[in-house]
Number of protein chains: 2
Amino acid sequence: MATEKLDLNLKNEFSKLDKTSVIPVYYQVAKILEGLILEEKFGPGEMLPSETKIAELCDISRMTVRKAISELAERGLVIREKGKGTFVSKKDFNYATFKHIDLHDKMRKKGYEVTTKIIQADILKTEDDSVDNIAKKLNLSPGERVLRYGLLSYVEEKPYVFEKKYIPYTKQSPILESDIIDSSLPRLLTLHDKTKTPYTNSRVLKAVILNEEAKHLEIEKGSPGILIEQLIYDKDENPIGYEESIYRGDEYMLVSEDK
Amino acid sequence: MATEKLDLNLKNEFSKLDKTSVIPVYYQVAKILEGLILEEKFGPGEMLPSETKIAELCDISRMTVRKAISELAERGLVIREKGKGTFVSKKDFNYATFKHIDLHDKMRKKGYEVTTKIIQADILKTEDDSVDNIAKKLNLSPGERVLRYGLLSYVEEKPYVFEKKYIPYTKQSPILESDIIDSSLPRLLTLHDKTKTPYTNSRVLKAVILNEEAKHLEIEKGSPGILIEQLIYDKDENPIGYEESIYRGDEYMLVSEDK
DNA sequence: TAGTGGTCTAGACCACCTC
DNA sequence: AGGTGGTCTAGACCACTAA
């Protein structure tokens, strides 16, 4: 019978499994399944053997099989469908996710020297034209005030990103220069006003032409840059802080992590 | 005692848990823990109660607690350290993932009219200067040939993205104009040469200044654009196709989906 | 040595899907 | 009704860490 033959083939594939190995069983099973999918023993859209079946074949617990398949499902290699089965995904590469990681952490971990200096810092009235759209984003009424500051960060003495940050200024606590340099915007927000705890954020990534920022970033005016806008909200979905990060287009790019 | 007090507080927090609910217990526990972290009941760097402890407090199995914490660990909210404990991550909002979805799918699903036209199509020798770096990317030897074509896509008659695609030309199967327009690059690759099945891809996103592409995109020369480079590999990690997509910077942006 | 997370078991019940 | 994935249990042993 066809199914018997399949079983035999599978049993053969799974015989590679070494339960005494230091390598976790679930990991081995995941790798074997990945290999079978890669070799198109299970083609796109095809159903994998059921979890129970694999557990029997490998003589391991079903929970272990589940953990193995979970590894593949997380990566989008297979898709689970309740009541139906687990299927090899038909990926057509029509989507991609790009991960943006804050440069401070990333670079420091790599052992690079990262420095930050304050370019400007002032307190503005909401009525000022220069903060008009910021006031709207932060949902501020006329008469309220905004602390605006600009930071320039260097990796190995080379400018990398220019950031402009805005927080409603409430006189609650003084803000020290060291706080501005050492703290991320979310942290500074709580430092300044304990009633406002960052809860969610939304980000938008755009391509821009560098103008005044070019000078700070020590790059030619008119060069390309990547702008990431970030709006920070509290638990009640009120905006409590805004930030614009401008990266040098020649230095900064995003890499997709899809498989 | 301090620890007793903490236990009481925690017991109180976990009393929200409803084991009879249709909502999975692990999900409820994850949400409770997430809340405690966001309210800074457990601050950055602080250790969470051990899995065993939480299991006792909630009167549930440790495996269920593990699944709950796994949810948080995947999102980077907490970090597990073997032999030590589980700690609240110190980083706040310092990473973001941006999802890029192919415009054809996205727009058609929204009901917009999407059209595509061929701008150019030619077959080049690898020695040609104009495909020199492409030949390197595709790992081609001198003498081999490359099919190059340019596509311009419109949404509601407005140009949106300009794409340049390159595939090794092997005379295997003829390539029709309709194939070029209707097929994604991965699909075209298998159409043209059945021995080459796309398996993985890598993408890079950059900010650029539009030059010749500006004309096609009906935008001023020197405007910003987003360039996504895509290299497609087969099972053996050999590059089998390359694509550059240039989006109008004023129309196209990426939105973060983090929570 | 005691506590932690990492792995694994051998069951169980459920909701869902297909026949 | 029988098969599937989703959840959950109450144990177990392990490697690692810190005191």
Side-chain angles (χ1 to χ4, degrees), chain A residues 1-3 6-7 10 14 17-33 42 45-89, chain B residues 2-3 6-7 10 14 17-33 37 42 45-89:
Chain A
M1 301 300 234
T3 69
L6 182 60
D7 283 9
L10 278 180
F14 286 121
L17 209 158
D18 176 10
K19 281 197 264 186
T20 67
S21 165
V22 286
I23 300 163
V25 175
Y26 78 86
Y27 187 81
Q28 294 181 53
V29 174
K31 279 296 168 196
I32 291 171
L33 287 172
F42 298 109
E46 217 171 313
M47 184 179 148
L48 291 188
S50 77
E51 297 173 350
T52 319
K53 190 98 196 167
I54 296 175
E56 278 172 18
L57 284 169
C58 299
D59 193 32
I60 56 176
S61 160
R62 190 187 145 212
M63 286 300 276
T64 305
V65 177
R66 274 189 69 73
K67 175 132 191 183
I69 295 178
S70 295
E71 300 270 306
L72 307 181
E74 260 170 49
R75 287 167 38 191
L77 207 57
V78 300
I79 294 164
R80 287 179 155 138
E81 291 185 46
K82 196 194 296 189
K84 291 162 88 178
T86 302
F87 303 85
V88 178
S89 89
Chain B
T3 71
L6 182 59
D7 282 9
L10 278 179
F14 285 120
L17 209 158
D18 175 10
K19 280 196 266 187
T20 67
S21 165
V22 286
I23 298 163
V25 175
Y26 79 86
Y27 188 82
Q28 294 181 53
V29 174
K31 280 294 168 197
I32 291 171
L33 286 172
I37 291 167
F42 298 108
E46 216 171 311
M47 184 180 149
L48 291 187
S50 78
E51 297 172 351
T52 319
K53 191 95 197 171
I54 296 175
E56 277 172 19
L57 285 169
C58 298
D59 193 32
I60 57 178
S61 160
R62 191 188 142 209
M63 285 299 276
T64 305
V65 177
R66 274 189 70 75
K67 174 132 192 182
I69 294 178
S70 295
E71 300 270 305
L72 308 181
E74 261 170 48
R75 286 169 39 195
L77 207 57
V78 299
I79 293 165
R80 286 177 154 140
E81 290 185 44
K82 196 196 295 191
K84 292 161 89 177
T86 301
F87 303 85
V88 177
S89 161

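Chain identifiers are assigned alphabetically (A, B, ...) following the order of the sequence lines, protein sequences preceding nucleic acid strands; residue numbering begins at 1 within each chain.
Remark: the backbone N or O of A/Gly76 is paired with a side-chain donor or acceptor of A/Ser89 at under 3.5 angstrom. Judged purely by atom type and a 3.5 angstrom limit, A/Gln28 uses its side chain to pair as donor or acceptor with the backbone of A/Asp18.
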At under 4.0 Å between heavy atoms, how does the protein contact nucleotides 3-11 of chain C? Give one character per nucleotide, 5' to 3', with B, S or -. BBBBBBBB-
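In this structure, the side chains of B/Thr64 and B/Val29 stay at 4.5 Å or more apart for every pair of heavy atoms. Counting heavy atoms from C-beta outward, B/Ile60 and B/Tyr26 have side chains that stay 4.5 Å or more apart.
For the residue pair A/Arg66/A/Ser61, the side-chain donor-acceptor check at 3.5 Å is not satisfied.
For B/Lys82, there are no side chain to side chain contact (heavy atoms under 4.5 Å, CB included) partners at least two apart in sequence or on another chain.
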For B/Cys58 and B/Lys19, run side-chain contact (heavy atoms from CB on, under 4.5 Å): C-alpha distance rounded to whole Å, both residues' side-chain angles, the deciding distance at 0.1 Å, then the answer. CA-CA 10 Å; B/Cys58 298; B/Lys19 280 196 266 187; over 6 Å; no
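Comparing the axis of the opening five pairs of the helix from C/dT1-D/dA18 to C/dT18-D/dA1 with that of the closing five pairs yields an angle of 0°, rounded to 10°.
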